[in-house]
Student: 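Structure incoming, see below.
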Amino acid sequence: MMRQWVAVGTESGAVWQVRDSAPPAPAAGELVVRVHAVSVNPVDTKLFAALRPGQEKVLGFDAAGVVEAVGEGVTDFAPGDEVFYAGDVTRDGSFATHQRVDARLVARKPESLSFAEAAALPLVSLTAAESLFEHLALPFPADGRLLVINGAGGVGSMAIQLGRLAGAEVMATASREESAAWCRALGADEVIGHDAVAGIEADWILNAAHNLNDTLEAMAQAVRPFGRVCALASAKGPVDINLFKDKSVGFEWTFMFTRAKHGVAPERQGAWLRRIARWVDGGQLRGIARTDWGELSPETLARAFEEVRSGRMIGKGVLTLPQEP
Ligand SMILES: NC(=O)c1ccc[n+]([C@@H]2O[C@H](COP(=O)([O-])OP(=O)(O)OC[C@H]3O[C@@H](n4cnc5c(N)ncnc54)[C@H](OP(=O)(O)O)[C@@H]3O)[C@@H](O)[C@H]2O)c1
């Protein structure tokens, strides 16, 4: 039996429904994974809030679990493998006991982490890795300064660590003592306030703030000539890209789901997750799960969504799934 926790749009906002059905079979190139743990990301709360009456979606992208079945042509995985992945925004998500996922997006989970700790990693690690090494094009070793705007959130927590791993000097922004301490513990060389960006210089800026418009002018001042900035969250209204012309600065976007959605080299995400797992098991990266919301249910999901929506999460929160005998 498969159980899914489905977000359903109603006139008074989206609600959770629990649905049981037969477990799916994998199509060619797919895995069916028995999900053990998931995390919640801002994209979940945004999609939940956007559901119109009658629309529904199985949310949840981050997952860690055990491969239950492999589809035709899959040679890298076998039943029993312990895996982690962030999946595909266009498909059914991981708030379910069983999930079908394109095998190319998947890697074996770090052996040194529990399922819950592993579930905290995929979406934010892929976002941070693609942003730093593909869009901002940090060389390895990176001789320069990386600024991470929103250092303590999920993406920032991995970007700080990956920036340091690459050899960059890493500055991060935070507004609370607790979030600043978390950034330092992850390796940030210096932590400044979110409103102090205009006063520093950086070669690369990863903007993981929830609102791009607030930080655009400050980034244009802080970025060094021929530097690059990378944004994650959509702008609310028009953005003046001319701000970056004078210094010949590259303005980049990362959308973590582009590879899966448009079918452009999705295997690169499996490869990134293999590297992340290797770095975690080798002690070069640490896990970032800080909040355990307990067993997945409509009640724990509601609590998790409220906390993620608050914009005050430090690191990541996780939920575990009941396992049938
Ligand atoms: N495009 C993509 O592929 C992609 C992927 C992942 C995430 N995102 C987006 O990127 C954003 C960050 O995601 P996340 O998962 O890292 O978020 P998150 O975990 O929810 O971030 C929480 C952190 O936000 C910080 N924060 C609050 N107000 C801020 C402000 N004005 N400026 C900067 N930081 C502030 C808080 O730090 P303080 O308490 O220190 O203020 C808090 O610790 C979200 O909008 C998300 O949807 C996009």
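Atoms within a ligand are numbered from 1 in the order they appear, just like the ligands themselves.
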Student: Between Arg34 and Glu82, does any side-chain N to carboxylate O distance fall below 4.0 Å?
Tutor: no

Student: Between Asn150 and ligand 1, which part of the residue brings a heavy atom under 4.0 Å of the ligand: side chain, backbone, both or neither?
Tutor: both

Student: Test Glu30 against every option in Arg91, Arg104, Gln99 by the side chain to side chain donor-acceptor pair (under 3.5 Å) rule and name the one that passes.
Tutor: Arg91

Student: Check Arg176 against ligand 1 and report side chain, backbone, both or neither, counting heavy atoms closer than 4.0 Å.
Tutor: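 For Arg176, backbone and side-chain atoms both sit under 4.0 Å from ligand 1.
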
Student: Between His98 and Glu68, does any side-chain donor sit less than 3.5 Å from a side-chain acceptor?
Tutor: yes

Student: Could you check which of Arg312, His210, Arg309 puts a non-hydrogen atom nearest to atom 17 (O) of ligand 1?
Tutor: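 Comparing heavy atoms across Arg312, His210, Arg309, the nearest one to atom 17 (O) of ligand 1 lies in His210.
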
Student: What atoms of ligand 1 come closer than 4.0 angstrom to any heavy atom of Ala208?
Tutor: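 Counting from 1, the qualifying ligand atoms are 11 (C), 12 (C).
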
Student: May I ask you to check whether Leu232 has an N/O atom sitting below 3.5 Å from an N/O atom of ligand 1?
Tutor: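 Yes - when backbone and side-chain N and O of Leu232 are compared with those of ligand 1, one distance drops under 3.5 Å.
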
Student: Any Lys/Arg nitrogen of Glu178 or Arg290 sitting under 4.0 Å from an Asp/Glu carboxylate oxygen of the other?
Tutor: yes

Student: What are the two closest non-hydrogen atoms of Val197 and Thr173, and how far apart are they?
Tutor: CG2-CG2, 3.8 Å

Student: Taking the six-membered ring for Trp, are Phe61 and Tyr85 ring centroids under 6.0 Å apart?
Tutor: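 For Phe61 and Tyr85, the ring centres are not under 6.0 Å apart.
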
Student: By number and element, which atoms of ligand 1 are closer than 4.0 Å to a non-hydrogen atom of Met313?
Tutor: 22 (C), 23 (C), 42 (C), 43 (O)

Student: Would Asn41 count as a contact of ligand 1 if the rule is a heavy atom under 4.0 Å away?
Tutor: no

Student: Testing the 3.5 Å rule here: is there a donor-acceptor pair between the side chains of Gln4 and Asp92?
Tutor: yes

Student: Would you mind listing which atoms of ligand 1 come within a distance below 4.0 Å of any non-hydrogen atom of Met256?
Tutor: 2 (C), 3 (O)

Student: Please identify which atoms of ligand 1 are closer than 4.0 Å to at least one heavy atom of Ala233.
Tutor: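 It comes down to these atoms of ligand 1: 45 (O).
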
Student: Side chains of Trp272 and Ser125: any donor to acceptor distance under 3.5 Å?
Tutor: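 There is no such pair between these side chains.
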
Student: Atoms of ligand 1 less than 4.0 Å from Ala174 heavy atoms?
Tutor: 40 (O)

Student: So, Trp16 and Glu299: side-chain donor and acceptor under 3.5 Å apart, yes or no?
Tutor: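 Distance-only check fails for Trp16 and Glu299.
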
Student: Describe, in one word, how the ring planes of Phe48 and Phe305 are oriented to each other, choosing from parallel (under 30°), tilted (30 to 60°) and perpendicular (over 60°).
Tutor: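 Rings of Phe48 and Phe305: perpendicular, as their planes differ by over 60°.
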
Student: Determine, using heavy atoms of Lys46 and all atoms of ligand 1, whether some pair is separated by less than 4.0 Å.
Tutor: yes

Student: Show me which atoms of ligand 1 lie under 4.0 Å from any heavy atom of Ser175.
Tutor: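 Once the distances to Ser175 are compared, the set is 38 (P), 39 (O), 40 (O), 41 (O).
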
Student: Looking only at protein heavy atoms, identify the closest one to atom 2 (C) of ligand 1 and say how far it is in Å.
Tutor: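 The protein heavy atom lying closest is Thr254 O, 3.4 Å.
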
Student: Return a yes/no value for Val43: is any of its N or O atoms, backbone included, closer than 3.5 angstrom to an N or O of ligand 1?
Tutor: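 Checking ligand 1 against Val43, no N or O pair falls under 3.5 Å apart.
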
Student: How far is atom 16 (O) of ligand 1 from the closest protein heavy atom, and which atom is that?
Tutor: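 Here the closest protein heavy atom is Val155 N, 3.0 Å.
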
Student: Tell me the contacting part of Leu123 for ligand 1: side chain, backbone, both, or neither, using a 4.0 Å heavy-atom threshold, strictly below.
Tutor: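 The answer is the side chain.
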
Student: Go through ligand 1 atom by atom and flag the ones less than 4.0 Å from a non-hydrogen atom of Ala152.
Tutor: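 Atoms satisfying the 4.0 Å criterion: 43 (O).
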
Student: If we only count N/O pairs under 3.5 Å, is Thr173 in contact with ligand 1?
Tutor: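 Among all N and O atoms of Thr173, none is under 3.5 Å from an N or O of ligand 1.
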
Student: Is it true that atom CD of Glu217 has more than 12 heavy atoms of other residues, nucleotides or ligands lying nearer than 6.0 Å?
Tutor: no

